[in-house]
Amino acid sequence: MDGKRLRDEIVAGIRAEIRQLGDPSITLATVLVGADKPSQIYVRNKHRKAEESGMVSRHVELAADSSQDEVEEAVRDLVNDSAVHGILVQLPLPEGLDAERVLDLIPPEKDVDGLTERSMGRLVRGRPGLVPCTPLGVMRLLDRYGVSTSGKRAVVIGRSTLVGLPQVLLLGRKGVDATPTLAHSRTTDLAAQCREADILVAAAGMAGLVTADFVKPGAAVFDVGISRTEGGIVGDVDFDGVESIAGAITPMPGGTGPMTIGCLMENTLTAAKLLGAI
Ligand code: NAP
């Protein structure tokens with residue numbers, strides 16, 4: 001399952017939709033506190049894709065020693081600016097800053113990362129809202145590659161609010177209708193649990209955790225974990241060992257990572273719709 005290709009399709013689709021609407025200025029704003037290099041690269045990539053999608057991007061960069069009040073004020077300005085449709089605060093924030101208090105300021109309609117308490121509540125309650133980009137990307141890949149979900153068993157490894165937990169909620173939604181299991185570091189006999197899965201999502205952040213003996217023949221395997229090793233970026237899945245057993249598999253890199261950015265673009269367009277701007 002080619003995440004780069006589907007991301008490009010999503011970006012092209014958004015660009016076409018915006019053009020058809022007469023090129024309204026749909027704006028994604030990012031907030032970065034401090035000069036962490038990987039975070040700067042992530043943010044730059046998000047802006048590049050926003051521009052390719054035909055959207056406007058705005059960037060607010062604050063010094064690493066900014067106070068909680070200064071960060072909150074910057075976010076509040078974006079919340080109150082009707083020209084801004086999506087707000088993304090790049091996490092983690094420098095030590096000493098309370099990310100929860102900052103995220104709490106973002107209204108669900110502008111929460112393009114889908115990470116706030118209110119967005120998560122909407123997801124649980126099945127109300128319209130924005131959901132976290134990485135698990136949404138997995139859902140888009142399932143759909144694009146025709147992987148059937150109804151009545152299928154799914155195992156998600158990892159229970160973070162960023163990936164694993166919303167992934168389980170999305171897979172179990174009415175209309176998707178998979179039967180998900182949420183596995184974590186205390187799960188006993190993880191391999192046996194995973195071997196039951198028609199859909200396996202690995203989001204543990206442990207290089208090569210998922211080996212051939214974890215995979216049911218024909219299963220769809222999604223590699224979300226990212227580990228930086230001397231040999232480069234590797235995922236949670238031993239791709240070479242699993243590829244011949246799985247029915248479908250995402251590469252790492254080139255799978256779930258690009259889809260995360262594609263879904264951020266999709267969420268920004270959805271935000272503009274939720275705000276009634278288009
Ligand atoms: P996290 O908050 O550290 O959560 C990791 C989860 O994996 C925890 O629930 C943990 O269990 C579980 N886990 C760790 N080791 C395990 C093991 N050996 N067996 C079973 N479960 C295990 O991380 P996260 O934010 O969810 O991110 C997970 C990974 O995805 C990271 O590598 C991150 O870099 C990557 N990521 C990728 C993308 C993308 O676009 N591809 C996006 C976001 C994150 P406990 O709860 O019991 O500790």
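Order of appearance sets the numbers: ligands from 1, and atoms from 1 within every ligand. Note that the numbering runs from 1 along the sequence shown for the chain. Just so it is clear, the structure is predicted and the values come from calculations on it, not from any experiment.
Heavy-atom contacts of G205 reach the following atoms of ligand 1: 29 (C), 31 (C), 32 (O) (cutoff under 4.0 Å). Of all atoms in ligand 1, numbered sequentially from 1 with element shown, those under 4.0 Å from a heavy atom of M206 are 18 (N). Atoms of ligand 1 lying under 4.0 Å from at least one heavy atom of L162, given by number and element, are 25 (O), 43 (C). Atoms of ligand 1 lying under 4.0 Å from at least one heavy atom of G158, given by number and element, are 6 (C), 7 (O), 9 (O), 12 (C). The distance from ligand 1 to the heavy atoms of A203 drops below 4.0 Å at these ligand atoms: 5 (C), 6 (C), 7 (O), 28 (C). Each of the atoms 40 (O), 41 (N) of ligand 1 lies under 4.0 Å from some heavy atom of G257. Remark: ligand 1 atoms within the under-4.0 Å shell around heavy atoms of T260 are 39 (C), 40 (O).
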### Query
Passes side-chain contact (heavy atoms from CB on, under 4.5 Å), E196 versus V155? Steps please.
CA-CA 8 Å; E196 298 286 311; V155 172; 5.5 Å; no
### Task
Check the pair I157, C194 against side-chain contact (heavy atoms from CB on, under 4.5 Å), reporting the backbone distance first and the verdict last.
CA-CA 9 Å; I157 311 174; C194 292; 3.8 Å; yes
### Task
Evaluate the side-chain contact (heavy atoms from CB on, under 4.5 Å) criterion for residues M259 and V138: first the C-alpha distance (whole Å), next the side-chain angles of each, then the deciding distance (0.1 Å), finally the verdict.
CA-CA 8 Å; M259 284 305 297; V138 169; over 6 Å; no
#### Entry: Derivation and outcome, salt bridge (Lys or Arg N to Asp or Glu O under 4.0 Å), residues E52 and K49
CA-CA 5 Å; E52 276 177 45; K49 286 297 157 200; 3.1 Å; yes
### Task
Go through the steps for R122 and E109 under the test salt bridge (Lys or Arg N to Asp or Glu O under 4.0 Å), then give the verdict.
CA-CA 11 Å; R122 287 187 178 207; E109 294 78 10; 3.3 Å; yes
#### Entry: L209 and L190: CA distance, side-chain angles, deciding distance, side-chain contact (heavy atoms from CB on, under 4.5 Å) verdict
CA-CA 10 Å; L209 172 69; L190 183 64; 4.2 Å; yes
### Task
Mind running side chain to side chain donor-acceptor pair (under 3.5 Å) on T211 and D213 for me, showing each step along the way?
CA-CA 6 Å; T211 47; D213 57 323; 2.5 Å; yes
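For I157, every heavy-atom contact with ligand 1 shorter than 4.0 Å involves the side chain, none the backbone. Residue-level proximity to ligand 1 for T256 is carried by backbone and side chain together, each with a heavy atom below 4.0 angstrom. When non-hydrogen atoms are compared, ligand 1 lies under 4.0 Å from the backbone of I226 as well as from its side chain. For V224, heavy-atom contacts with ligand 1 shorter than 4.0 Å involve the backbone as well as the side chain.
Between R159 and ligand 1, an N or O atom pair is found at a separation short of 3.5 Å. Distances between N or O atoms of S160 and those of ligand 1 include at least one value under 3.5 Å. Inclusion of L190 in the set of residues having an N or O under 3.5 Å from an N or O of ligand 1 is not warranted. Residue-to-ligand polar distances keep R186 apart from ligand 1: every N/O pair is separated by 3.5 Å or more.
Looking only at protein heavy atoms, the nearest one to atom 42 (C) of ligand 1 is T134 OG1, 3.1 Å. The nearest heavy-atom contact from the protein to atom 48 (O) of ligand 1 is S185 OG, 3.7 Å. Annotation: atom 27 (O) of ligand 1 to nearest protein heavy atom, V163 CG2, 4.3 Å.
Protein non-hydrogen atoms do reach within 4.0 Å of atom 46 (O) of ligand 1.
Side chain of K110 to backbone of L78: a donor-acceptor contact under 3.5 angstrom is found. Without hydrogens or angle criteria, T250 side chain to D223 main chain gives a donor-acceptor distance under 3.5 Å.
When the heavy atoms of G137, A183, G3, A204 are ranked by distance to atom 14 (C) of ligand 1, first place goes to A204.
Remark: of the listed residues R144, R140, K4, R144 is the sole one forming a side chain to side chain donor-acceptor pair (under 3.5 Å) with E9. Test D81, L28, I106 against I87 for side-chain contact (heavy atoms from CB on, under 4.5 Å) and you get one pass: I106.
Under a cut-off of 6.0 angstrom, the local environment of CD in E117 is sparse, with at most 12 non-hydrogen atoms contributed by other residues, nucleotides or ligands.
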